[in-house]
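Right, one structure below, let's go through it.
All chains are named by letter (A, B, ...) in the order of the sequence lines, taking the proteins before the strands, and each is independently numbered beginning at 1. Values below: all heavy atoms of this structure, side chains included; hydrogens, waters and symmetry mates excluded.
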Number of protein chains: 2
Amino acid sequence: MENRTRILECAKDLFYARGYDAVGVQEIADRAGITKPTLYYYFGSKLGLLKAVLEEGLSEFRRMLSQVMDAGLGIQETLYRTAAAYCAFFEKDRKYYMMFMSLFYSARENEAYQAVRPYVMEFYRASVSIFERASGQLGNMRGRQEQFAIGFIGTINHFLLLEFEREEAATGGTPRIGEEQIRSVVGQFMYGIFS
Amino acid sequence: MENRTRILECAKDLFYARGYDAVGVQEIADRAGITKPTLYYYFGSKLGLLKAVLEEGLSEFRRMLSQVMDAGLGIQETLYRTAAAYCAFFEKDRKYYMMFMSLFYSARENEAYQAVRPYVMEFYRASVSIFERASGQLGNMRGRQEQFAIGFIGTINHFLLLEFEREEAATGGTPRIGEEQIRSVVGQFMYGIFS
DNA sequence: CATCTTATATACCGAACGGTATAATGGGGA
DNA sequence: TCCCCATTATACCGTTCGGTATATAAGATG
């Protein structure tokens, strides 16, 4: 099983760095120190490899998210902990997060997008449900749940994108994202920039 | 010059639908009804073609943005008009906007990303400057201009992404984005979701 | 020992990739 | 008329693409 893991790791690194379409199967095999038939033995196709890469890193994130959702907290704390889960996931594996994010926004008819689409919808619906459950605290939302949900995901993703750029620019190590930073971002989302 | 324009148009359509790397030069040429050497005569390389596509649709958007920036308005109205400019640009050419957006988030070492990077930075800096100029109204921002700027761009992009998905799902025509919708999104950004 | 399964490599497939050498075409000016 | 220059096509380049037929090696099982 060691080869399988190494192939997944190398594929993730390359997809992250240059994107699914720009990376050839041969290059992945070379970097993993195996040959193409071995790769195809485990994953069947290039797309199958991508799906395996995607699935691999997601189980823990799912668990963290559902834990937050099931805690029965108010919307403020739910949003904060959700954001914290996203940040923790990002910090645990930046390459995975960034790869996922770029697939999130990739062309609709690209086969790689088709592969991430189910996961995108999964997390989007989870986000929508946060706001639906909180309609008591938010008043009549007149169908704005979706706008809130997408705005929330967008805010987090862009915060992490900025964080990523800053880390790339920084010379030293990568400091952990502070709790107060996350509270600041979520606070900005909830109360606006004048708060 | 008619061929040149048609090549640009077809390239945009295909890059939008399937992404830069997944589209071959041959396919673009076929669709435009010309041959590869003609394409290379005008654009020199595939990357040159992408750069030309990018540059093509941007001049008007630049003009709209700088007009807003030079109006000397308060931050609220500036943000609203900036958002409106983004929305107008989106509505004028959805394919271009979505293509640009997916390039925005694509892998850092992908050559297509290198091509959009300058434009991304251009609009990012413009957004930062909005918040820098408004420090009087926002109080001591302690370096949060960047967070505001990226959050603002993220909010708009995700709103338009949602809009795009809704339009795709809708059966009828695509209604224009209403002024009150834009005000709602910008209001959410400025005053939070409880407003 | 014989056999079956799992895992791996060699060597190859046809097609598509980005790109180009070269020639033909056709209109405008000398 | 002649040539020039912009434009376009034919036919090709070597390389890489995703994928596979087939053989082999190693370990477990009878």
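Residues from residues 24-32 of chain A that place a heavy atom under 4.0 Å from any atom of DNA chain D, listed by number: Gly24(A), Val25(A), Gln26(A).
Ring orientation note: the planes of His158(B) and Phe104(A) are tilted relative to one another, at an angle of 30° to 60°.
More than 12 heavy atoms of other residues, nucleotides or ligands shown are found within 6.0 angstrom of CD on Gln114(A). For Gln67(B), the CD atom counts as loosely surrounded, since its 6.0 Å shell holds 12 or fewer non-hydrogen atoms of other residues, nucleotides or ligands.
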Shorter than 3.5 Å, N or O on both sides, protein versus nucleotides 8-11 of chain D: list them out with atom names.
| residue | atom | partner | partner atom | Å |
| --- | --- | --- | --- | --- |
| dT8(D) | OP1 | Asn3(B) | ND2 | 2.6 |
| dT8(D) | OP2 | Tyr42(B) | OH | 2.5 |
| dA9(D) | OP2 | Thr35(B) | N | 3.2 |
| dA9(D) | OP2 | Thr35(B) | OG1 | 2.9 |
| dA9(D) | OP2 | Thr38(B) | OG1 | 2.8 |

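Every ring pair (Phe, Tyr, Trp, His ring centres under 6.0 Å) that Tyr96(B) has, sequence neighbours left out, goes to Phe89(B). Every residue meeting the side chain to side chain contact (heavy atoms under 4.5 Å, CB included) condition with Thr155(B), not counting sequence neighbours, appears here in chain and number order: Thr155(A), Val185(B), Phe189(B).
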Could you tabulate the donor-acceptor pairs under 3.5 Å formed by side-chain atoms of residues 22-30 of chain B, not counting sequence neighbours?
| residue | atom | partner | partner atom | Å |
| --- | --- | --- | --- | --- |
| Gln26(B) | NE2 | Asp30(B) | OD1 | 3.1 |
| Glu27(B) | OE1 | Arg18(B) | NH2 | 2.7 |
| Glu27(B) | OE2 | Arg18(B) | NH1 | 3.2 |

Enumerate, atom names and distances included, each donor-acceptor pair closer than 3.5 Å involving a side-chain atom of residues 52-60 of chain A, sequence neighbours excluded.
| residue | atom | partner | partner atom | Å |
| --- | --- | --- | --- | --- |
| Glu55(A) | OE1 | Tyr119(A) | OH | 2.2 |
| Glu55(A) | OE2 | Arg62(A) | NH1 | 3.3 |
| Glu60(A) | OE1 | Lys92(A) | NZ | 2.8 |

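The interatomic distance linking Lys46(B) (NZ) with dT16(D) (C1') rounds to 13 Å, in whole Å. Counting to the nearest Å, the P atom of dT8(C) and the CZ atom of Phe43(A) are 11 Å from each other.
Annotation: cation-pi geometry not satisfied between Lys36(A) and Tyr41(A) (NZ/CZ under 6.0 angstrom from ring centroid, within 45° of ring axis).
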